[in-house]
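This report concerns only the one structure given below.
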Amino acid sequence: MSTLADELRQPAAPSTFRVLLPPGWAQHQPNEEGRQKLAESIRARFKQAGRPDLDVKLSFMLNRQWTALGRMGAVALYLPTEDTEVPMPMTVVAVPYTVKAGETLDADVRKRARGPVETYDLPFSRVYRWIETQNNVNSEAGASARSISYLYPVPGRNPTRGMLLATSILHLQSGESDEMLESLTTLSDAIAETFRWK
């Protein structure tokens, strides 16, 4: 059993983190200013591509996504924002994670994941990883979404908090799309591996 002196000697739990992003990616704050900046960036790309007609649809989709980010309590959104040879239908969101009362972090994660959970003990932290698939996204036949979740517990004994990095990849069910899905999953893993508490 730990004493008060032991607890006081424990270093303070980190409250911030960093993630390294690939070239062409950017971090956006999930607030009104971040929404406006992202909308302007995407609007300019559509205009340059000769598709300003997509502005209304874009605004609707972006507003819906921002509402969902607010409900989740997201603290950061990462996505590719520069033109690339191959479009990347992928986003990464950072969301603070709190264990439900009376649960251990391990048990809580496994209940929320609703499927197999992998754990990796890295030199700086343990990480939990699980994958979920949703078919017929937005009622579109053949459109699927793969969600890859990575939970990094706050360092310390018996943590009850952590940071969840949640990647979402949209794809069509085809051979070519399946190859891209696996490549983007590898990219997601590479981004998640750069996570560090600070």
Side-chain angles (χ1 to χ4, degrees), residues 14 16-30 34 38 41-42 45 49 61-62 65 68-69 72-97 105-106 108-138 140-155 159 162-198:
T16 60
F17 64 94
R18 68 174 172 81
V19 174
L20 299 179
L21 300 173
W25 282 63
Q27 176 179 340
H28 295 271
Q29 295 305 316
L38 181 57
S41 170
I42 297 173
R45 289 174 67 187
M61 292 172 61
L62 195 56
Q65 184 177 21
L69 290 174
M72 292 167 59
V75 294
L77 169 67
Y78 310 98
L79 71 164
T81 56
E82 292 181 11
D83 291 327
T84 56
E85 287 183 24
V86 179
M88 284 192 259
M90 172 176 163
T91 58
V92 181
V93 178
V95 182
Y97 186 102
L105 186 136
D106 192 80
D108 190 72
V109 168
R110 293 179 192 284
K111 281 183 184 176
R112 290 200 212 184
R114 299 186 306 266
V117 177
E118 302 168 300
T119 59
Y120 301 95
D121 288 312
L122 304 176
F124 61 89
S125 174
R126 165 171 277 201
V127 61
Y128 294 82
R129 179 186 184 271
W130 64 97
I131 296 177
E132 298 170 85
T133 301
Q134 179 188 352
N135 294 318
N136 301 323
V137 177
N138 294 330
E140 293 286 336
S144 300
R146 173 177 286 182
S147 298
I148 312 164
S149 298
Y150 311 86
L151 177 66
Y152 292 89
V154 170
M163 189 60 64
L164 179 71
L165 293 186
T167 297
S168 179
I169 304 170
L170 294 175
H171 67 104
L172 299 175
Q173 292 164 351
S174 69
E176 188 176 321
S177 182
D178 289 347
E179 276 186 39
M180 178 178 278
L181 176 62
E182 295 311 314
S183 295
L184 293 180
T185 298
T186 300
L187 176 60
S188 173
D189 288 345
I191 293 171
E193 285 174 9
T194 71
F195 178 96
R196 296 292 186 277
W197 290 105
K198 61 177 188 173

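Numbering starts at 1 and runs along the sequence shown.
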Side chain to side chain donor-acceptor pair (under 3.5 Å) with [X]: which residues, sequence neighbours excluded?
X	value
Thr185	Arg146
Ser125	none
Arg112	Tyr97, Asp108
Arg18	none

Taking only residues two or more places apart in sequence or in another chain, which ones pass ring pair (Phe, Tyr, Trp, His ring centres under 6.0 Å) with Tyr150?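 Applying ring pair (Phe, Tyr, Trp, His ring centres under 6.0 Å) to Tyr150 gives none.
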
Quick check for you: to the nearest 0.5 Å, what is the distance between [X] atom [atom1] and [Y] atom [atom2]?
X	Y	atom1	atom2	result
Tyr128	Arg110	OH	CZ	6.5 Å
Arg126	Asp106	CZ	CG	6.5 Å
Ile169	Ile148	CD1	CD1	4.0 Å

For [X] versus [Y], what's the shortest heavy-atom pair and its separation?
X	Y	answer
Met90	Leu79	O-CB, 3.9 Å
Pro22	Leu187	CG-CD1, 3.8 Å
Val154	Pro159	O-CB, 3.3 Å
Tyr152	Trp197	O-CZ2, 3.2 Å
Val117	Ala113	CG2-CB, 3.5 Å

Check the pair Phe195, Leu122 against side chain to side chain contact (heavy atoms under 4.5 Å, CB included), reporting the backbone distance first and the verdict last. CA-CA 11 Å; Phe195 178 96; Leu122 304 176; over 6 Å; no

Using the side-chain contact (heavy atoms from CB on, under 4.5 Å) criterion, which residues pair with [X]? Sequence neighbours excluded.
X	answer
Ala76	Gln27, Tyr78, Ala94
Thr194	Val19, Leu20
Ala26	His28, Thr81

Show every salt bridge (Lys or Arg N to Asp or Glu O under 4.0 Å) that has at least one partner inside residues 188-197, sequence neighbours left out.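 Those involving residues 188-197 are Arg129-Asp189.
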
Quick check: do Thr119 and Val109 have side-chain heavy atoms less than 4.5 Å from each other?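 Thr119 vs Val109: side chains apart.
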
Mind checking whether Trp25 and Ile191 have side chains closer than 4.5 Å, heavy atoms only?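 Trp25 reaches Ile191 side chain to side chain.
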
